[in-house]
Protein chains: 2
Amino acid sequence: MFYTKIGKLALGSRLRMLSERVTEDAKNIYDLYDVELKPKWFPVFYSLSQNQEKSITAIAEEIGHSHPSVSKIVSEMCKAGITKEKKDKKDGRRNLIELTKKGMLIAHKIEDQYKDVNHAIELALDQTQHNLWKAIEEFEFLLEQKSLFRRVKEEKSKREREKVTIVAYDAKYHKAFKELNEEWIRTYFKIEVADSMALDNPKEYILDNGGHIFIALYNNEPVGACALLKNNTIISDFELAKMAVSPSAQGLGIGLLLANAAIDKARLEGAKEIYLESNTVLVPAIKLYQKLGFQKVSGFSTPYERCNIQMILKL
Amino acid sequence: MFYTKIGKLALGSRLRMLSERVTEDAKNIYDLYDVELKPKWFPVFYSLSQNQEKSITAIAEEIGHSHPSVSKIVSEMCKAGITKEKKDKKDGRRNLIELTKKGMLIAHKIEDQYKDVNHAIELALDQTQHNLWKAIEEFEFLLEQKSLFRRVKEEKSKREREKVTIVAYDAKYHKAFKELNEEWIRTYFKIEVADSMALDNPKEYILDNGGHIFIALYNNEPVGACALLKNNTIISDFELAKMAVSPSAQGLGIGLLLANAAIDKARLEGAKEIYLESNTVLVPAIKLYQKLGFQKVSGFSTPYERCNIQMILKL
DNA sequence: ATTAATTACGTAACTGATTACACAAATATA
DNA sequence: TATATTTGTGTAATCAGTTACGTAATTAAT
């Protein structure tokens, strides 16, 4: 069969087809019991047969349809003499719906059908290993917790993250290192003197002082960078800085990979703590630092105007 | 939740809602992967990405849609530059569809999405006890074998059969006994002398000779009858005759209940075989007799013009 | 007490499917 | 070979839902 081959991408289509098939049979079943009810009326009808007098939106809420849908169904049912409308005296907007005598008669007549259908379907489902009714319930519950979209998105970034490699700095990445950083700095702030020094001469300013630079490659293209500075050992052993991820590669967790590479390196070199400076405007970055265990500190002097938060990670 | 309460009668509605929810997310997923494909195009697209050049109806057949649906989808996809049409040279009616270069590019691009969606859904389904995908497959298989409609119908007659009771003849059933029989006789044949004798004076003609009459009651109304005659012990111990079920109560298996009551009675009285006369035009009756074990015999004389088949059941 | 926001509902337009129908091309039949 | 039937396709109308939008009534806020 086609749909077993095509895969889960067509789950929607498949569900729709099954629903159409079931509804088609439902039509004949109503005829069989001589019940003047369209299958699509049933949720509304059932809702009304429970209690008295409900407003259009209350019904819509309950059965999970849009209110125009209920509005249309109700007007059809009224025309068929199954329900009647009456204005709410206390609230002129509300249109209260209730079953007519005829409707209640149908509610009575439908009981046998209701029993038979339930029984027939249960009998069928008992023959299966995977109970469709329960499967729907479970699946709806899962979607409630996390939408299909989010699940796929996570799957996507998981797969793409695997294509990311973190490598040590090399002269050929100089341009990328500079541009990746300048991009975000310019977006939120302006390039400062300390920036230019580090970005124009990374070898001299960072590496030769005993620091490190990490580059994130995605399909062999540099899409992220970060640096571990050793300029200011008064505060900490290392300073984490120049963290940049290209907007096109954001959401893949590349920042985390870069930071982890830096932390691993610092630990390897016997560092006891890592310091960093940032700005609270960079929400995802701050969140990442917190997740990694960085704690807010204050009182250190900084060459950066944009710095409004300082953090330290104890290793 | 409403749909757990409402019961299986609303299975169709519930499936539709789930399908809508899934399709809604699918739309966003296609966007996420930057694939210019509407979810509804996917079955057609997938079908075309497998082989080359298919006609509209061939695609419709394969994916289980109606051909106008495919026709519309294809024209949308052609407008989007994903497919192209070309007339079949050998058969001027056929409109052969194939992917364009752009379409093939999308087919390539979609592969990652395809993998991620499959993986995400499988991951979700693994958390469930009842796997929705497999449940659909199993349920579709069951419907293939016997439609929902037939299943419900069987359930209905099972329940209704329980409301049927078989009772012994009483004078108050005389009118019903006569009318039920005259109805089917008149429909297919004409009333004969032997009929009138038995139907006008059942006590004298049947019971007083050692025969029996059984009446089927449905909601305390007589809806069926049959007789066990002892007039002609030359052929068999008993003759099964005057089997009648009201058209309004047909399909409930009342004939079977009546015949079984008669056979039980005959057995109880030590009979070795039961004889009957009928006509092959009465297909359901003949089928019933065969099911009960009656075998065709011939050569016996009969007072009935309409008799064209004679049968005997060995007890 | 006005004004603004929210709520209830209906109408209109759209969506993704269907069935019904029309028509031409191909195939079967007399 | 002429005619009838079948097949492939497209168009139109319908169906069961949706979203978008307008309007009136109620409630909240200034």
Side-chain angles (χ1 to χ4, degrees), chain A residues 10-28 30 37-45 53-79 83 85-97, chain B residues 10-28 30 37-45 53-79 83 85-97:
Chain A
L11 179 60
S13 287
R14 195 171 187 188
L15 282 168
R16 166 179 282 273
M17 290 181 67
L18 184 55
S19 114
E20 246 148 43
R21 193 163 170 183
V22 168
T23 308
E24 185 55 39
D25 259 29
K27 232 176 279 174
N28 297 324
Y30 281 95
L37 222 52
K38 288 201 205 175
K40 69 159 175 167
W41 294 352
F42 184 67
V44 172
F45 181 83
E53 291 192 353
K54 287 179 183 168
S55 70
I56 298 284
T57 34
I59 299 170
E61 185 90 349
E62 189 181 356
I63 72 173
H65 279 204
S66 63
H67 81 83
S69 165
V70 174
S71 174
K72 248 190 286 182
I73 289 172
V74 163
S75 74
E76 282 176 36
M77 286 170 76
C78 284
K79 207 187 277 171
T83 53
E85 304 177 310
K86 71 176 187 197
K87 275 267 166 275
D88 187 334
K89 266 158 204 150
K90 291 182 206 121
D91 185 339
R93 297 165 304 175
R94 303 179 77 205
N95 184 4
L96 296 174
I97 316 297
Chain B
L11 178 61
S13 286
R14 197 174 186 185
L15 283 169
R16 166 179 282 273
M17 289 180 68
L18 185 55
S19 115
E20 246 147 43
R21 193 164 170 183
V22 168
T23 309
E24 184 54 39
D25 260 29
K27 231 177 279 175
N28 297 324
Y30 281 95
L37 222 53
K38 287 202 205 175
K40 70 159 175 166
W41 294 353
F42 184 66
V44 172
F45 181 82
E53 290 192 353
K54 288 179 182 166
S55 71
I56 299 284
T57 35
I59 299 170
E61 186 90 346
E62 189 179 354
I63 71 173
H65 279 205
S66 63
H67 81 84
S69 166
V70 173
S71 173
K72 246 191 288 180
I73 289 172
V74 162
S75 76
E76 282 175 37
M77 286 170 75
C78 284
K79 208 187 278 172
T83 53
E85 305 178 310
K86 70 176 187 200
K87 275 267 167 276
D88 187 334
K89 267 158 203 151
K90 289 179 207 124
D91 186 339
R93 297 166 303 175
R94 303 180 76 205
N95 184 2
L96 295 174
I97 315 297

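In what follows, every chain begins at residue 1, and chains take the letters A, B, ... in the order their sequences are listed. From a predicted model like this one, the values you see are computed outputs, not experimental measurements.
Under the rule for a side-chain hydrogen bond (donor to acceptor under 3.5 Å, both in side chains), A/K87 has no partner lying at least two apart in sequence or in another chain. By the side chain to side chain contact (heavy atoms under 4.5 Å, CB included) test, B/K27 is found to be paired with B/E24, B/P39, residues two or more places apart in sequence or in another chain being considered. For A/R94, the side chain to side chain contact (heavy atoms under 4.5 Å, CB included) partners at least two apart in sequence or on another chain are A/S55, A/D88, A/D91, A/L96. Remark: A/R16 engages no residue in a side-chain hydrogen bond (donor to acceptor under 3.5 Å, both in side chains) (not counting sequence neighbours). For B/E20, the side-chain hydrogen bond (donor to acceptor under 3.5 Å, both in side chains) criterion is met by no residue, not counting sequence neighbours. Remark: A/H67 engages A/I56, A/T57, A/A60 in a side chain to side chain contact (heavy atoms under 4.5 Å, CB included) (not counting sequence neighbours).
Judged as a salt bridge (charged side-chain N to carboxylate O under 4.0 Å, His left out), the pairs with a partner in residues 65-77 of chain B (not counting sequence neighbours) are, in order, B/K38-B/E76, B/K40-B/E76.
Taking atom CD1 of B/I59 as the reference point, atom P of D/dT7 lies 19 Å away to the nearest angstrom. Taking atom CZ on B/R14 and atom P on D/dG17, their separation rounds to 16 Å, with Å as the unit. The CG atom of B/L18 sits 15 Å away from the C1' atom of D/dG17 (whole-angstrom rounding).
Taking the C1' atoms of five terminal pairs at each end of the helix from C/dA1-D/dT30 to C/dA30-D/dT1, the two resulting helix axes are inclined by 0°, rounded to 10°.
Atom CD1 of B/I97 and atom NZ of B/K86 lie 10.5 Å apart (nearest 0.5 Å).
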Contact pattern, 5' to 3', of nucleotides 7-19 of chain C - B, S or - by protein heavy atom under 4.0 Å: BSBBB----SBBB

